[in-house]
Engineer: 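The structure's right below; bear with me while I get my questions together.
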Amino acid sequence: MNKTIGILLMAYGTPRSLDEVETYYTHIRRGNKPPQPLLDELIGRYKAIGGVSPLNEITDEQARKLEQTLNVKDSRYKVYIGMKHAAPFIADAVRRMAADGIEKAVGIVLAPHYSTMSVGVYTKEALEAAEEALMKLHCVSSWHMEDAFLDALEERLREALEKFSEEERRQLKVVFSAHSLPERILALGDPYPEQLLETSRALASRLLIDDWQFAWQSAGRTAEPWLGPDLLVVMGELAEKGYRAMLSCPIGFVADHLEVLYDLDIEAQQHASQKGIHFERTASLNADQRMIDALVAAIHRVEREIN
Ligand code: FEC
(Lines give C-alpha, C1' and ligand atoms only; values in the text may rest on other atoms or scores of the structure.)
Protein backbone atom coordinates (compact mmCIF):
# COMPACT_ATOMS: atom_id res chain seq x y z
CA MET A 1 0.00 0.00 0.00
CA ASN A 2 1.24 3.50 -0.85
CA LYS A 3 1.80 5.36 2.45
CA THR A 4 2.23 8.82 0.88
CA ILE A 5 -0.54 11.24 1.82
CA GLY A 6 -1.43 13.59 -0.99
CA ILE A 7 -2.25 17.19 -0.11
CA LEU A 8 -4.43 18.93 -2.65
CA LEU A 9 -3.69 22.63 -2.21
CA MET A 10 -6.44 24.50 -4.04
CA ALA A 11 -5.96 28.07 -5.24
CA TYR A 12 -7.87 30.57 -7.40
CA GLY A 13 -5.33 30.77 -10.24
CA THR A 14 -4.44 33.74 -12.43
CA PRO A 15 -3.52 34.30 -16.09
CA ARG A 16 0.22 33.97 -16.75
CA SER A 17 0.21 36.79 -19.33
CA LEU A 18 -2.18 39.40 -20.71
CA ASP A 19 -2.84 37.04 -23.67
CA GLU A 20 -4.39 34.52 -21.27
CA VAL A 21 -6.82 36.98 -19.65
CA GLU A 22 -9.68 36.25 -22.10
CA THR A 23 -9.49 32.46 -21.58
CA TYR A 24 -9.26 32.96 -17.81
CA TYR A 25 -12.22 35.37 -17.70
CA THR A 26 -14.24 33.00 -19.91
CA HIS A 27 -13.54 30.19 -17.44
CA ILE A 28 -14.66 32.37 -14.48
CA ARG A 29 -17.87 33.06 -16.44
CA ARG A 30 -18.45 29.31 -16.85
CA GLY A 31 -17.58 29.22 -20.54
CA ASN A 32 -19.29 32.49 -21.57
CA LYS A 33 -16.96 34.87 -23.38
CA PRO A 34 -16.89 38.29 -21.66
CA PRO A 35 -18.22 41.28 -23.60
CA GLN A 36 -15.28 43.31 -25.02
CA PRO A 37 -15.71 46.35 -22.69
CA LEU A 38 -15.53 44.07 -19.60
CA LEU A 39 -12.50 42.24 -21.01
CA ASP A 40 -10.74 45.55 -21.78
CA GLU A 41 -11.48 46.78 -18.30
CA LEU A 42 -10.03 43.63 -16.73
CA ILE A 43 -6.91 43.82 -18.92
CA GLY A 44 -6.58 47.45 -17.81
CA ARG A 45 -6.63 46.33 -14.15
CA TYR A 46 -3.88 43.73 -14.77
CA LYS A 47 -1.83 46.37 -16.62
CA ALA A 48 -2.23 48.72 -13.66
CA ILE A 49 -0.65 46.15 -11.32
CA GLY A 50 2.28 45.52 -13.66
CA GLY A 51 0.82 43.20 -16.32
CA VAL A 52 0.43 40.00 -14.33
CA SER A 53 -0.69 39.11 -10.84
CA PRO A 54 1.93 37.57 -8.50
CA LEU A 55 -0.67 35.02 -7.34
CA ASN A 56 0.74 31.93 -9.10
CA GLU A 57 4.25 32.53 -7.73
CA ILE A 58 2.86 33.02 -4.23
CA THR A 59 0.78 29.84 -4.51
CA ASP A 60 3.93 27.92 -5.58
CA GLU A 61 5.86 29.29 -2.59
CA GLN A 62 3.00 28.42 -0.22
CA ALA A 63 2.92 24.86 -1.62
CA ARG A 64 6.69 24.45 -1.23
CA LYS A 65 6.65 25.66 2.38
CA LEU A 66 3.57 23.59 3.20
CA GLU A 67 5.25 20.39 1.99
CA GLN A 68 8.43 21.25 3.88
CA THR A 69 6.54 21.99 7.13
CA LEU A 70 4.32 18.91 6.92
CA ASN A 71 7.37 16.70 6.39
CA VAL A 72 9.41 18.02 9.34
CA LYS A 73 8.23 15.22 11.64
CA ASP A 74 7.09 12.61 9.20
CA SER A 75 8.13 12.73 5.55
CA ARG A 76 5.10 11.14 3.99
CA TYR A 77 3.30 14.13 2.49
CA LYS A 78 3.31 15.31 -1.13
CA VAL A 79 1.63 18.60 -2.06
CA TYR A 80 -0.16 19.05 -5.39
CA ILE A 81 -1.52 22.42 -6.56
CA GLY A 82 -4.95 22.41 -8.19
CA MET A 83 -6.46 25.68 -9.38
CA LYS A 84 -10.03 26.79 -9.89
CA HIS A 85 -9.61 28.95 -12.99
CA ALA A 86 -6.15 28.20 -14.47
CA ALA A 87 -4.00 25.18 -15.20
CA PRO A 88 -3.21 22.90 -13.47
CA PHE A 89 -6.95 22.64 -12.72
CA ILE A 90 -8.23 20.88 -9.59
CA ALA A 91 -9.33 17.74 -11.46
CA ASP A 92 -5.92 17.54 -13.23
CA ALA A 93 -4.14 17.63 -9.87
CA VAL A 94 -6.37 14.85 -8.51
CA ARG A 95 -5.68 12.71 -11.59
CA ARG A 96 -1.92 13.32 -11.19
CA MET A 97 -2.12 12.19 -7.56
CA ALA A 98 -3.92 9.02 -8.60
CA ALA A 99 -1.37 8.40 -11.38
CA ASP A 100 1.39 8.74 -8.75
CA GLY A 101 -0.28 5.95 -6.81
CA ILE A 102 -1.68 8.13 -3.99
CA GLU A 103 -4.57 6.36 -2.26
CA LYS A 104 -5.37 8.86 0.51
CA ALA A 105 -5.45 12.65 0.28
CA VAL A 106 -6.52 15.77 2.15
CA GLY A 107 -7.72 18.86 0.31
CA ILE A 108 -7.52 22.44 1.51
CA VAL A 109 -8.43 25.73 -0.19
CA LEU A 110 -6.31 28.87 0.12
CA ALA A 111 -9.39 30.74 1.34
CA PRO A 112 -10.09 30.53 5.09
CA HIS A 113 -13.89 31.02 5.13
CA TYR A 114 -16.45 28.57 3.76
CA SER A 115 -19.08 29.53 1.24
CA THR A 116 -21.05 27.22 -1.03
CA MET A 117 -20.08 29.56 -3.89
CA SER A 118 -16.34 29.60 -3.18
CA VAL A 119 -14.77 26.80 -1.11
CA GLY A 120 -17.83 24.62 -1.78
CA VAL A 121 -17.17 24.76 -5.54
CA TYR A 122 -13.48 23.87 -5.19
CA THR A 123 -14.22 20.90 -2.93
CA LYS A 124 -17.09 19.63 -5.09
CA GLU A 125 -14.78 19.54 -8.13
CA ALA A 126 -12.05 17.82 -6.11
CA LEU A 127 -14.36 15.19 -4.60
CA GLU A 128 -15.93 14.37 -7.97
CA ALA A 129 -12.49 13.89 -9.54
CA ALA A 130 -11.35 11.77 -6.58
CA GLU A 131 -14.41 9.55 -6.86
CA GLU A 132 -13.68 8.97 -10.54
CA ALA A 133 -10.04 8.18 -9.73
CA LEU A 134 -11.10 5.83 -6.88
CA MET A 135 -9.00 7.86 -4.44
CA LYS A 136 -9.97 8.69 -0.85
CA LEU A 137 -10.10 12.47 -0.41
CA HIS A 138 -11.26 14.50 2.59
CA CYS A 139 -11.39 18.29 2.49
CA VAL A 140 -10.96 20.99 5.13
CA SER A 141 -14.12 23.10 5.01
CA SER A 142 -12.76 26.20 6.76
CA TRP A 143 -9.76 27.30 8.81
CA HIS A 144 -10.75 30.85 9.69
CA MET A 145 -10.26 30.43 13.45
CA GLU A 146 -6.93 28.58 13.46
CA ASP A 147 -4.70 30.19 16.13
CA ALA A 148 -1.73 30.55 13.78
CA PHE A 149 -3.90 32.37 11.21
CA LEU A 150 -5.19 34.79 13.85
CA ASP A 151 -1.65 35.26 15.26
CA ALA A 152 -0.32 36.21 11.82
CA LEU A 153 -3.17 38.65 11.17
CA GLU A 154 -2.83 40.13 14.66
CA GLU A 155 0.81 40.93 13.94
CA ARG A 156 -0.05 42.44 10.54
CA LEU A 157 -2.66 44.67 12.22
CA ARG A 158 -0.18 45.84 14.89
CA GLU A 159 2.39 46.71 12.20
CA ALA A 160 -0.17 48.58 10.10
CA LEU A 161 -1.50 50.58 13.07
CA GLU A 162 2.02 51.99 13.47
CA LYS A 163 1.62 53.73 10.11
CA PHE A 164 -0.87 56.18 11.65
CA SER A 165 0.01 59.11 13.88
CA GLU A 166 -1.15 59.10 17.49
CA GLU A 167 -3.70 61.76 16.62
CA GLU A 168 -5.06 59.73 13.68
CA ARG A 169 -5.35 56.64 15.88
CA ARG A 170 -7.76 58.53 18.16
CA GLN A 171 -10.42 58.36 15.41
CA LEU A 172 -9.46 55.45 13.20
CA LYS A 173 -11.78 52.86 11.71
CA VAL A 174 -10.53 49.32 11.14
CA VAL A 175 -12.45 47.77 8.26
CA PHE A 176 -12.26 44.00 7.83
CA SER A 177 -13.25 42.82 4.37
CA ALA A 178 -13.71 39.86 2.06
CA HIS A 179 -14.81 39.17 -1.49
CA SER A 180 -18.50 39.89 -1.92
CA LEU A 181 -20.83 37.19 -3.22
CA PRO A 182 -24.32 37.35 -4.71
CA GLU A 183 -26.92 38.08 -2.02
CA ARG A 184 -28.72 34.83 -2.86
CA ILE A 185 -26.22 32.93 -0.65
CA LEU A 186 -28.11 34.32 2.36
CA ALA A 187 -31.24 32.36 1.45
CA LEU A 188 -29.10 29.18 1.44
CA GLY A 189 -28.07 29.80 5.07
CA ASP A 190 -24.46 30.08 3.89
CA PRO A 191 -21.94 30.32 6.79
CA TYR A 192 -19.65 32.77 4.91
CA PRO A 193 -20.85 36.07 6.49
CA GLU A 194 -20.86 34.64 10.02
CA GLN A 195 -17.42 33.03 9.70
CA LEU A 196 -16.02 36.35 8.47
CA LEU A 197 -17.54 38.13 11.46
CA GLU A 198 -16.07 35.47 13.78
CA THR A 199 -12.55 36.19 12.46
CA SER A 200 -13.19 39.95 12.68
CA ARG A 201 -14.45 39.76 16.29
CA ALA A 202 -11.53 37.55 17.36
CA LEU A 203 -8.99 40.01 15.93
CA ALA A 204 -10.75 43.07 17.33
CA SER A 205 -10.81 41.46 20.75
CA ARG A 206 -7.11 40.45 20.63
CA LEU A 207 -6.10 44.01 19.74
CA LEU A 208 -8.74 45.73 21.91
CA ILE A 209 -10.11 47.51 18.84
CA ASP A 210 -13.56 48.97 19.55
CA ASP A 211 -13.98 50.99 16.40
CA TRP A 212 -14.25 48.43 13.59
CA GLN A 213 -16.72 47.23 11.01
CA PHE A 214 -17.01 44.68 8.25
CA ALA A 215 -17.41 45.58 4.56
CA TRP A 216 -17.54 43.62 1.30
CA GLN A 217 -15.20 44.28 -1.61
CA SER A 218 -14.59 43.35 -5.25
CA ALA A 219 -18.24 42.54 -6.10
CA GLY A 220 -18.64 40.95 -9.54
CA ARG A 221 -19.81 42.86 -12.56
CA THR A 222 -23.17 41.11 -12.91
CA ALA A 223 -26.75 42.37 -12.78
CA GLU A 224 -27.86 40.53 -9.62
CA PRO A 225 -27.49 42.12 -6.16
CA TRP A 226 -24.22 41.41 -4.29
CA LEU A 227 -23.62 41.48 -0.55
CA GLY A 228 -23.01 44.96 0.87
CA PRO A 229 -22.07 47.39 2.26
CA ASP A 230 -19.27 47.82 -0.24
CA LEU A 231 -15.93 48.99 1.13
CA LEU A 232 -15.91 52.14 -1.02
CA VAL A 233 -19.41 53.10 0.14
CA VAL A 234 -18.31 52.56 3.75
CA MET A 235 -15.32 54.80 3.13
CA GLY A 236 -17.59 57.60 1.82
CA GLU A 237 -19.81 57.29 4.91
CA LEU A 238 -16.79 57.41 7.21
CA ALA A 239 -15.57 60.60 5.52
CA GLU A 240 -19.01 62.15 6.04
CA LYS A 241 -18.84 61.24 9.72
CA GLY A 242 -15.51 63.05 10.00
CA TYR A 243 -13.12 60.08 9.96
CA ARG A 244 -9.68 60.87 8.51
CA ALA A 245 -8.03 57.46 8.99
CA MET A 246 -9.00 53.96 7.87
CA LEU A 247 -7.11 50.67 8.17
CA SER A 248 -8.23 47.96 5.78
CA CYS A 249 -7.68 44.33 6.75
CA PRO A 250 -8.81 41.98 3.92
CA ILE A 251 -9.24 38.85 6.06
CA GLY A 252 -10.87 36.86 3.24
CA PHE A 253 -7.67 36.88 1.16
CA VAL A 254 -4.33 35.30 2.01
CA ALA A 255 -2.15 36.61 -0.82
CA ASP A 256 -1.28 39.60 -2.95
CA HIS A 257 -3.37 39.46 -6.11
CA LEU A 258 -5.60 41.61 -8.28
CA GLU A 259 -8.36 42.07 -5.66
CA VAL A 260 -5.80 43.41 -3.18
CA LEU A 261 -3.24 45.11 -5.43
CA TYR A 262 -5.85 46.81 -7.62
CA ASP A 263 -9.10 47.00 -5.66
CA LEU A 264 -7.45 48.16 -2.42
CA ASP A 265 -4.04 49.59 -3.31
CA ILE A 266 -5.17 51.51 -6.38
CA GLU A 267 -8.96 51.93 -6.43
CA ALA A 268 -9.62 52.30 -2.69
CA GLN A 269 -6.46 54.36 -2.22
CA GLN A 270 -7.60 56.83 -4.95
CA HIS A 271 -11.06 57.00 -3.39
CA ALA A 272 -9.48 57.70 0.01
CA SER A 273 -7.38 60.55 -1.27
CA GLN A 274 -10.47 62.14 -2.85
CA LYS A 275 -12.25 61.83 0.51
CA GLY A 276 -9.30 63.16 2.52
CA ILE A 277 -8.75 59.85 4.31
CA HIS A 278 -5.37 58.37 5.27
CA PHE A 279 -5.84 54.79 4.02
CA GLU A 280 -3.59 51.86 4.83
CA ARG A 281 -4.02 48.12 4.52
CA THR A 282 -2.49 45.22 6.39
CA ALA A 283 0.27 43.38 4.49
CA SER A 284 -0.86 40.09 2.92
CA LEU A 285 0.12 36.83 4.62
CA ASN A 286 1.50 35.22 1.42
CA ALA A 287 3.93 32.49 2.53
CA ASP A 288 4.25 33.67 6.15
CA GLN A 289 5.21 30.64 8.25
CA ARG A 290 2.22 31.12 10.59
CA MET A 291 -0.13 31.03 7.61
CA ILE A 292 1.48 27.73 6.61
CA ASP A 293 1.21 26.52 10.23
CA ALA A 294 -2.52 27.29 10.11
CA LEU A 295 -2.88 25.13 6.98
CA VAL A 296 -0.91 22.34 8.66
CA ALA A 297 -3.11 22.50 11.79
CA ALA A 298 -6.28 22.34 9.69
CA ILE A 299 -4.93 19.40 7.65
CA HIS A 300 -4.00 17.48 10.82
CA ARG A 301 -7.47 18.22 12.24
CA VAL A 302 -9.08 16.53 9.23
CA GLU A 303 -6.63 13.62 9.41
CA ARG A 304 -7.60 13.04 13.07
CA GLU A 305 -11.30 13.16 12.18
CA ILE A 306 -10.95 10.50 9.49
CA ASN A 307 -8.62 8.13 11.34
O1 FEC B 1 -4.81 37.92 -9.04
C2 FEC B 1 -5.58 37.32 -9.81
O3 FEC B 1 -5.39 37.30 -11.02
C4 FEC B 1 -6.76 36.58 -9.31
C5 FEC B 1 -7.48 37.40 -8.29
C6 FEC B 1 -8.80 36.84 -7.81
C7 FEC B 1 -9.03 36.26 -6.60
C8 FEC B 1 -10.44 36.03 -6.47
C9 FEC B 1 -11.03 35.49 -5.38
C10 FEC B 1 -12.37 35.27 -5.20
N11 FEC B 1 -13.33 35.43 -6.17
C12 FEC B 1 -14.54 35.11 -5.64
C13 FEC B 1 -15.75 35.12 -6.28
C14 FEC B 1 -15.96 35.61 -7.55
C15 FEC B 1 -17.24 35.65 -8.22
C16 FEC B 1 -17.05 36.23 -9.45
C17 FEC B 1 -15.66 36.54 -9.56
C18 FEC B 1 -15.07 37.15 -10.65
C19 FEC B 1 -13.71 37.43 -10.76
C20 FEC B 1 -13.08 38.06 -11.91
C21 FEC B 1 -11.73 38.14 -11.64
C22 FEC B 1 -11.51 37.56 -10.34
N23 FEC B 1 -12.72 37.14 -9.84
FE24 FEC B 1 -13.00 36.16 -8.08
N25 FEC B 1 -11.06 36.46 -7.62
C26 FEC B 1 -10.08 36.95 -8.45
C27 FEC B 1 -10.28 37.47 -9.74
N28 FEC B 1 -15.02 36.15 -8.40
C29 FEC B 1 -10.64 38.72 -12.52
C30 FEC B 1 -13.82 38.53 -13.18
C31 FEC B 1 -13.89 40.01 -13.27
C32 FEC B 1 -14.53 40.65 -12.07
O33 FEC B 1 -15.74 40.39 -11.84
O34 FEC B 1 -13.79 41.34 -11.36
C35 FEC B 1 -18.14 36.51 -10.52
C36 FEC B 1 -18.21 35.36 -11.46
C37 FEC B 1 -19.29 35.55 -12.48
O38 FEC B 1 -19.13 36.48 -13.33
O39 FEC B 1 -20.25 34.77 -12.44
C40 FEC B 1 -18.56 35.11 -7.64
C41 FEC B 1 -14.35 34.73 -4.24
C42 FEC B 1 -13.02 34.84 -3.97
C43 FEC B 1 -12.30 34.60 -2.61
C44 FEC B 1 -12.18 33.15 -2.32
C45 FEC B 1 -11.17 32.47 -3.20
O46 FEC B 1 -10.00 32.92 -3.26
O47 FEC B 1 -11.58 31.50 -3.85
C48 FEC B 1 -15.44 34.32 -3.26
C49 FEC B 1 -8.00 35.88 -5.59
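Atoms within a ligand are numbered from 1 in the order they appear, just like the ligands themselves.
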Engineer: Between Y114 and D190, do the side chains contain an N or O donor and an N or O acceptor separated by less than 3.5 Å?
Structural biologist: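 Note: Y114 and D190 side chains miss the donor-acceptor criterion.
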Engineer: Is it the case that one hydrophobic cluster holds both L110 and M145, taking links as side-chain heavy atoms less than 4.5 Å apart, direct or via other members?
Structural biologist: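 They do share one cluster, since a chain of ILVMFWY contacts under 4.5 Å joins L110 to M145.
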Engineer: For T14 and E20, test the side chains for any donor-to-acceptor distance below 3.5 angstrom and give the result as yes or no.
Structural biologist: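 Not at all, the side chains of T14 and E20 share no donor-acceptor pair under 3.5 Å.
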Engineer: Does ligand 1 come near enough to K84 that some N or O of the ligand is less than 3.5 Å from an N or O of the residue?
Structural biologist: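 Checking ligand 1 against K84, no N or O pair falls under 3.5 Å apart.
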Engineer: Counting heavy atoms only, which of Y122, Y25, F253 is nearest atom 46 (O) of ligand 1?
Structural biologist: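 It is Y122 whose heavy atom sits nearest to atom 46 (O) of ligand 1.
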Engineer: Only heavy atoms of Y24, strictly under 4.0 Å: list the atoms of ligand 1 that pass.
Structural biologist: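 Here the atoms of ligand 1 in question are 3 (O), 4 (C), 27 (C).
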Engineer: Going by distance only, is there an N or O of S53 that falls short of 3.5 Å from an N or O of ligand 1?
Structural biologist: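 Looking only at distances, the answer is yes, because the N/O contact criterion of under 3.5 Å is met.
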Engineer: Could you check atom 18 (C) of ligand 1 against the protein and tell me its nearest heavy-atom contact, residue, atom and distance included?
Structural biologist: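 Scanning the protein heavy atoms, the shortest distance from atom 18 (C) of ligand 1 goes to I28 CG2, 3.6 Å.
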Engineer: Among all protein heavy atoms, pick the one closest to atom 35 (C) of ligand 1 and tell me residue, atom and distance.
Structural biologist: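 For atom 35 (C) of ligand 1, the nearest protein heavy atom comes out as W226 CH2, 3.7 Å.
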Engineer: Which of these, Y262, Y12, Y192, has its nearest heavy atom closest to atom 27 (C) of ligand 1?
Structural biologist: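 The nearest heavy atom belongs to Y12.
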Engineer: Does ligand 1 come near enough to H257 that some N or O of the ligand is less than 3.5 Å from an N or O of the residue?
Structural biologist: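 No.
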Engineer: Among all protein heavy atoms, pick the one closest to atom 44 (C) of ligand 1 and tell me residue, atom and distance.
Structural biologist: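 Here the closest protein heavy atom is A111 CB, 3.9 Å.
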Engineer: Is the distance between the ring centroids of H278 and F164 less than 6.0 Å?
Structural biologist: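 Judged by ring-centre distance (under 6.0 Å), H278 and F164 do meet the cut-off.
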Engineer: Before signing off on this row, confirm whether R29 and ligand 1 have an N or O atom pair separated by under 3.5 Å.
Structural biologist: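 R29 vs ligand 1: no N/O contact under 3.5 Å.
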Engineer: Using a 4.0 Å cutoff against the non-hydrogen atoms of L181, which atoms of ligand 1 qualify?
Structural biologist: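 Every atom of ligand 1 under 4.0 Å from some heavy atom of L181: 40 (C), 48 (C).
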Engineer: Record the part of H179 in heavy-atom contact with ligand 1 below 4.0 Å; permitted values are side chain, backbone, both and neither.
Structural biologist: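 The answer is the side chain.
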Engineer: Test your reading of the structure: does G220 have an N or O sitting under 3.5 Å from an N or O of ligand 1?
Structural biologist: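 No; every N/O pair is 3.5 Å or more apart.
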Engineer: Relative to each other, are the rings of F149 and W143 parallel, tilted or perpendicular (30° and 60° limits)?
Structural biologist: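 Perpendicular.
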Engineer: Walk me through whether T69 and Q289 qualify under side chain to side chain donor-acceptor pair (under 3.5 Å).
Structural biologist: CA-CA 9 Å; T69 310; Q289 187 58 46; 3.2 Å; yes
Engineer: Can we call the ring centroids of H271 and F279 under 6.0 Å apart?
Structural biologist: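 Between H271 and F279, the centre distance exceeds or equals 6.0 Å.
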Engineer: For the pair H113 and Y192, name the ring-plane relationship: parallel under 30°, tilted 30 to 60°, perpendicular over 60°.
Structural biologist: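 H113 vs Y192 ring planes: perpendicular.
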Engineer: Identify, by atom number and element, the atoms of ligand 1 in contact range of S118, meaning under 4.0 Å from any of its heavy atoms.
Structural biologist: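 Once the distances to S118 are compared, the set is 48 (C).
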Engineer: Hey, quick one: are Y243 and L264 part of the same hydrophobic cluster, counting side-chain heavy atoms closer than 4.5 Å, chains of contacts allowed?
Structural biologist: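 Yes, same cluster.
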Engineer: Is atom 24 (Fe) of ligand 1 under 2.8 Å from any N, O or S atom of S218?
Structural biologist: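 S218 does not place any N, O or S atom closer than 2.8 Å to atom 24 (Fe) of ligand 1.
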Engineer: Can E67 and N71 be counted as having a side-chain donor-acceptor contact under 3.5 angstrom?
Structural biologist: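 Absent: no donor and acceptor within the cut-off.
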Engineer: Could you tell me which atoms of ligand 1, counted from 1 in the order shown, lie closer than 4.0 angstrom to a heavy atom of Y46?
Structural biologist: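 It comes down to these atoms of ligand 1: 2 (C), 3 (O).
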Engineer: Which of the atoms in ligand 1, numbered in the order shown and given with their element, are less than 4.0 Å from a heavy-atom of L42?
Structural biologist: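 Result: 29 (C).
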Engineer: Taking only heavy atoms of T14 into account, list the atoms of ligand 1 that are under 4.0 Å away from them.
Structural biologist: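 So the atoms of ligand 1 that pass are 1 (O), 2 (C), 3 (O).
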Engineer: Can you name the closest pair of heavy atoms from Q217 and L231 and give their distance?
Structural biologist: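 The answer is CB-CB, 4.4 Å.
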Engineer: Distance under 4.0 Å to a non-hydrogen atom of R30: what atoms of ligand 1 satisfy this?
Structural biologist: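 Those of ligand 1 that fall under 4.0 Å from R30 are 39 (O).
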Engineer: Can you sort out which atoms of ligand 1 are near T222, meaning under 4.0 Å from one of its heavy atoms?
Structural biologist: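 With T222 as reference, the close atoms of ligand 1 come out as 38 (O).
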Engineer: Centroid separation under 6.0 Å, is that true for the rings of F214 and W216?
Structural biologist: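 Judged by ring-centre distance (under 6.0 Å), W216 and F214 do meet the cut-off.
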Engineer: Does ligand 1 come near enough to R45 that some N or O of the ligand is less than 3.5 Å from an N or O of the residue?
Structural biologist: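 Between R45 and ligand 1, an N or O pair is found under 3.5 Å apart.
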